[in-house]
Amino acid sequence: MDLASKAGKHLQLKDTFDRVNKIYTFEMQIIKAKENYAGNYRCEVTYKDKFDSCSFDLEVIAAPDASQTLDIRSAFKRSGEGQEDAGELDFSGLLKRREVKPEEGPEIDVWEILKNASPNEYEKIAFQYGITDLRGMLKRLKRMRREEKKSAAFSKKLDPAYQIDKGGRVRFVVELADPTVELKWYKNGQEIRPSTKYIFEHKGNQRILFINNCTLADDAAYQVCAGDEKCSTELFVREPPVLVTKELENVSTYCGERVEMECEVSDAEANVKWFKNGVELLNEPRSRYRLKVDGKRHILIIDEADRGDSATYSVMTTGGQSAAQLQVDLRPLKILQPLTDMTVNLGKEIHLKCEISENVPGKWYRNGQVIYGSDRVKLFHKGRNHRLIIESALVEDEGDYAFVPDLYLINIPANVHVIDPPRIHFDSLNYPDNTVVVVAGTKLRLEVPVTGEPAPKIIWSRGDKWITDLSGRIRAESFPDHGLLVIDCAEKEDTGTYRIMVKNEAGEAVAHIKIKVVDIPDAPLAPEVTEVGEDWCTMKWDPPSYDGGCPILGYFIERKKKQSSRWMRLNFDLCKDTSFEPKKMIEGVAYEVRVFAVNSIGISKPSLPSKPFVPLAVTSAPTMLTVDGVTDTTVTMKWRPPDHIGAAGLDGYVIEYCFEGGGNEKHEKPEFTDSEMEALVDCVSKCGSQICGALSAKTTKAEKSKIWADIQAKVNAIGGNNRSIADLKKQWNALKKQTKDKLEENKKDNIVENENVPESAVKLSPLEKRVEDLIDLEQLEGTPGIEEDIEDDVPGGGEADKPKFTDEELNALVDNIAKLGPQIFGAQTDAAAKDKLWADIQKQINAVGGNNMSIDDIKKAWKNLKRQTKKKLDHNKTQKLLESKGEIPNFVDLTSIEKRVEVILQIKEIDSEDFREEPDEAEEWIVANPDLTDKTRFTITGLPTGSRIYVRVKSVNAAGQSEPRVHPQPILVKEVIVPPKIRLPRHLKQTYIRKVGEAVNLVIPFQGKPRPKVSWKKNGSHVDKTQISIRNTECDTILFIRKAERSHSGKYDLKVKVENLQDKASIFIQIVDKPGPPQSVSIEEVWGENVALEWKPPLDNGNAAITGYTIQKADKKTMEWFTVLEHYHRNSATISDLVIGNEYYFRIFSENMCGLSDTATRTPNSALIEKEGKPYKRPDYQDFNFTEAPQFTHPLINTVAIAGYNCTLNCSVRGNPKPKITWMKNRVVIENDPRYRMFSNQSVCTLEIRKPSPYDGGTYTCRAVNDLGEAEVDCKLEVKGGVTFFRLLMQGVPLSVIDSYLRERNASKQERA
């Protein structure tokens, strides 16, 4: 029988799930047991295709009739004794016992009530009658409703369930409404066929199924089908308990014997379980325990029992159990052959043998340690014999041996002694050539392995001296397995050959060992920094004088800031060379570097730090070099500072210029004066060693350039002829060559003898004698001649002149330009592609001529060819013009190559080629400023009129001069007159208006060269500069008035003049102010509610037009002014809509672009507004009664709230006097409840319910009461998302509250339905 259908007031079914342990718990609770409840119960569990069940028997015993008395003291007992929560009063138990139990009435069929009730009441009915399995209740109701459907095939169906004992006979009976209907029986969905087990009978309309000899397999669900209708039931087969008819008996035996333990049960097919000490024994194939069944006899068999089998064995059935003891003992053991002591030579065989009376295994021991078998150690056990064989005896095999049989406390001992002559095993240390290398200053601990049995005596010696001191720096120690030589703090003197001798009674052995002491190298010398850059430097050093006995592997380099003490390693891989280039230094910060030498032993001490050095870099070239102005003798250049300056800062700029080369265009300079020659010789004599003498190799090119620049500045300061550096070098070379020629001539003629100079000898001038002394000094120092170094710096000197381009090379150049010109000079070709094209042209030209022309040479040749062709073309054009005027032309013929160039120049891209060159190297750059200038504008003076010059600018700092910025085009030294032109701003072309007190600042740009003359006039007369400030520059003029006044208004004339040319402009300035008040405001006429006013314009309009008037009125009683009209343009106005009986004054403000006048003109008389005819009588008014009974202007609205979230109810009420507000829930006044908050603001009444729960739902009413009456408004509140009544019960909510909550909620649902 399915008990889920019987769940109700007396039977409750519960199921819970433990999420931690993942265990389902099914609980059946019988509220009040009765005798008919006794019987067998079974719990079935089904999951997918798996099934399991368990059963138990329930026996009901009548309880004695004793009245239960309530002991209040026992009710207040402490709960949880011995637990963590012990000591708490059990109030819940007291409350349960105090509950009044209702008197039991007649049996109520809950299912009949549920069938007739609405589904909305199922939960309430289940709670009332104690049904907890709601899911099972709903399933049963669904099944009952299906069953209530009247069957057309069955007049009587099967019972819901049947129960039968195992082996019994069960009878299923159904009654058919139509006996002719075909009937089929099914068991678990499979049709049942007639057999000796299943018997079918027909009795009238009854159909009977008999099942004989029921077994557990017949416990199933059965179904009978009559046509399309079905009827089902369930059969429960109860199995009788199995009893143990013959008990187990205690057994005692010896190890190795066979043991059988036997018992008998009441059923031959019974399921019997065996246990050993409470642990179940399973009949597995490899188990030592075999379980045998012979009918009702059950046997446990143990083959070759051992002591571990001694235990309590038990057998258990469904109806009983039996237990017995098994005791397994050992047999007495005798030693038939003991072990014997033996002495064995090293490497010989060790053979130990013994014999005992029992065939039991055992373990071998050596010095108390278990011996395990291996390739060398063999362990044998055959019957009662035990043997130990060690093929090759070792020293460690010596010791006390013993054999211990298992399970017996018997020890069979023997002693084995191994002997061996002494040996020295120095080869095992892997020292090449028996040499031990030790680092100086470290400790040498040399352990030399030795063998020998007994332990040999070890003696160390060096030469003829034995080492016997045990506490000295060099000492020797002896151990059984090795000899030890210790040298503390090794020194170079410890290098030598040492002798070790080992000796025992079996012999002796001797070995010789070499010891070599090595050390780290000495520190290198202080490094020298040879060159520095922006963030790098170049350093070099010499190797250390002593390498420590090992080759130098490399060097480590460190650096630090001069002011810091923290050194930083620069290379983590050894530097093999004696030079290094540190990088990533901070520009402008002083650094020091040092070097470590490294060999195989270690790192040397650091070298002395280098001299401090500062990484500095020259600035980038100045930018945006342009011509600012040109006169007949001067050129003014301006530029912008370099983009990158660096830490060295910017000391200033050097401006250089040179004349464009060729013919008469080049400026001829005067010859050197005597004073210039003396200054040149003095400077070169002082600095000659740095320029090209003994210190030349250490002087950088930048430093040499700076020295020559200083020489240039001194010479130009004396002569003032703007000599270039190239001029100075050429003059020095000429002077030196002249001196050498005279000396060579005197030597050839042998004129100079014994310091007597004959009259025919060539005499040297004082300057030449000073040059001779410098030449002699150079010869003594062995340095190169000064002219060799100077010629390298002089343009065109020191290098053989390259050959000129041949016709074949020029033809090849023109061919390539004609073919590749658009690509080479086109804007769409990038720089890399252009370089590649020029490289291809270079290869072809060099292949033709073989003169190794560079790309720069080829570009210069093309430029010269192009320039030469253009000059001839321009000349021929001029000659054509002369020919057209009737003059005789002088045409120049073009060569064949120039004719081809003329054709090529027709291509636009080639004619506007994209590369420009600086002036030729043969040009001479002249320093324009002997001293550095920090300005970005400079004027070069003393230039010949009509010449063309190139200009370049270099920025200078402590690191030297930057790359020059060259002006791309030659500059013509000739002033160009630019007519003056005033560029008047657009806003000044109209009248310029400002208010009094504001500033006037007019900037008027103009152009003109030379610098124009500027003049200002106001209204035809000169400007008063005490009131108006005027500032003029080369390109603009500024007129400034700090605080404008009306007197500054007028016409200003500006005139800009350049020589006889001039330009003029006029500016009108108007300074405005607030106007004065209107004149003579009068009341012209008063009629009805209207007043006519007239006035005259103000005397002072503020230098601006009057834009309107503002009219105000004021009652004579209050004299408060109110604006009537604004921005009124006429001089008369009519004021209307005046109040009858009032008397008014009027005033008027004038207005212009600056605003209203500061004061107003008021009418001298007032205007009285009188009523014409019958006088006006004011009516009498009674006071209005504002009292009112309460009335809700906004009602409450039905609200749905979410459980746990605050909810508010709002309404609005009016009434006078102010009504009193009262809130009610279900017609019960809400008072002193912290869950409700009531407040009112501006007649809006609000009730806030804090965190409502489902039982807070209901009908809420707001009542307003005052002396004139009362009013009410209500709404319904429903709280959704709340907990069920079970959770309310678990939370401790009283049953009465839960019941009322359920009633209200069901009622609200029905109303909504």
Side-chain angles (χ1 to χ4, degrees), residues 529-539 559-564 568 570 581-593 610-629 635-658 690 698-713 716 724-725 793 831 916-919 925-940 949-969 971:
V529 178
T530 58
E531 189 175 359
V532 295
E534 179 179 3
D535 62 344
W536 56 272
C537 72
T538 303
M539 55 181 292
R559 77 163 184 237
K560 78 174 184 68
K561 297 177 183 178
K562 183 180 179 182
Q563 304 299 330
S564 175
M568 183 176 68
L570 298 182
E581 185 176 331
K583 297 181 179 179
K584 297 183 179 180
M585 291 183 286
I586 301 175
E587 185 180 2
V589 178
Y591 286 91
E592 295 178 349
V593 292
S610 66
K611 294 181 180 180
F613 64 93
V614 179
L616 293 175
V618 296
T619 66
S620 60
T623 59
M624 299 178 65
L625 177 62
T626 58
V627 180
D628 192 36
V635 173
T636 302
M637 306 296 295
K638 64 178 181 180
W639 60 92
R640 297 293 300 275
D643 293 334
H644 175 71
I645 295 178
L650 180 62
D651 295 339
Y653 300 93
V654 173
I655 298 90
E656 297 178 341
Y657 69 95
C658 69
Q690 296 181 9
K698 298 182 180 180
T699 306
T700 63
K701 188 174 182 180
E703 292 176 347
K704 293 180 181 180
S705 300
K706 187 176 181 181
I707 293 173
W708 278 110
D710 294 339
I711 297 174
Q712 178 193 21
N716 288 335
S724 66
I725 295 177
D793 295 338
R916 294 190 181 119
E917 297 181 1
E918 295 184 9
W925 289 100
I926 303 171
V927 177
N929 57 328
D931 298 327
L932 295 179
T933 177
D934 56 352
K935 307 294 184 182
T936 57
R937 187 174 181 273
F938 187 81
T939 300
I940 305 174
I949 63 171
Y950 286 97
V951 180
R952 68 181 183 183
V953 180
K954 301 178 183 178
S955 55
V956 181
N957 62 3
Q961 296 182 353
S962 68
E963 292 293 327
R965 175 67 64 186
V966 182
H967 192 270
Q969 301 294 338
I971 303 169

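Hydrogens, waters and symmetry mates play no part in the numbers below; they use all other heavy atoms, side chains included. Position 1 is the first residue of the sequence; numbering continues from there.
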pair [X]-[Y]: side-chain heavy atoms closer than 4.5 Å:
X	Y	value
Ile926	Cys658	no
Asn929	Phe938	yes
Val593	Ser610	yes
Lys584	Trp536	no
Val532	Val614	no
Ile949	Val635	yes
Ile655	Val927	no

Rounded distance (nearest 0.5 Å) linking atom [atom1] of [X] with atom [atom2] of [Y]:
X	Y	atom1	atom2	value
Glu587	Ile645	CD	CD1	10.5 Å
Glu531	Glu581	CD	CD	8.5 Å
Leu625	Arg640	CG	CZ	13.0 Å

Minimal non-hydrogen separation, [X] against [Y], with atom names:
X	Y	answer
Arg559	Lys583	NH1-O, 2.8 Å
Leu650	Pro642	CD2-CD, 4.2 Å
Arg952	Pro964	CD-CB, 3.6 Å
Ala647	Leu616	C-CD2, 4.5 Å
Val953	Pro622	O-CD, 3.6 Å
Asp651	Ala958	OD2-N, 3.4 Å

Apply side chain to side chain contact (heavy atoms under 4.5 Å, CB included) to Leu932 and Val654, showing your working. CA-CA 6 Å; Leu932 295 179; Val654 173; 3.3 Å; yes

Start with the C-alpha distance between Trp639 and Tyr653, add both sets of side-chain angles, then the distance that settles ring pair (Phe, Tyr, Trp, His ring centres under 6.0 Å), and finish with yes or no. CA-CA 10 Å; Trp639 60 92; Tyr653 300 93; 5.4 Å; yes

What verdict does the side chain to side chain contact (heavy atoms under 4.5 Å, CB included) test give for Thr623 and Asp643, after you've listed the backbone C-alpha separation in whole Å, the side-chain angles of each residue and the deciding distance to 0.1 Å? CA-CA 7 Å; Thr623 59; Asp643 293 334; 3.7 Å; yes

Tell me whether [X] is salt-bridged to [Y], with the criterion being a basic N under 4.0 Å from an acidic carboxylate O.
X	Y	result
Glu656	Lys954	yes
Arg937	Asp628	yes
Glu592	Lys560	yes

Are the aromatic ring centres of Trp925 and Tyr950 under 6.0 angstrom apart?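 They do not qualify: ring centres at least 6.0 Å apart.
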
Given Thr538 and Val529, is the side chain to side chain contact (heavy atoms under 4.5 Å, CB included) satisfied, shown in steps? CA-CA 6 Å; Thr538 303; Val529 178; over 6 Å; no

Are Met637 and Val627 close enough, and set up right, to give a side chain to side chain contact (heavy atoms under 4.5 Å, CB included), and what steps lead you there? CA-CA 5 Å; Met637 306 296 295; Val627 180; 3.9 Å; yes

Using a 3.5 Å distance criterion without hydrogens, assess whether the side chain of [X] forms a donor-acceptor pair with backbone atoms of [Y].
X	Y	answer
Arg965	Ser620	no
Glu534	Val618	no
Thr619	Asn957	no

Look at atom CD of Glu963 and say whether more than 12 heavy atoms of other residues, nucleotides or ligands are closer to it than 6.0 Å.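 No.
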
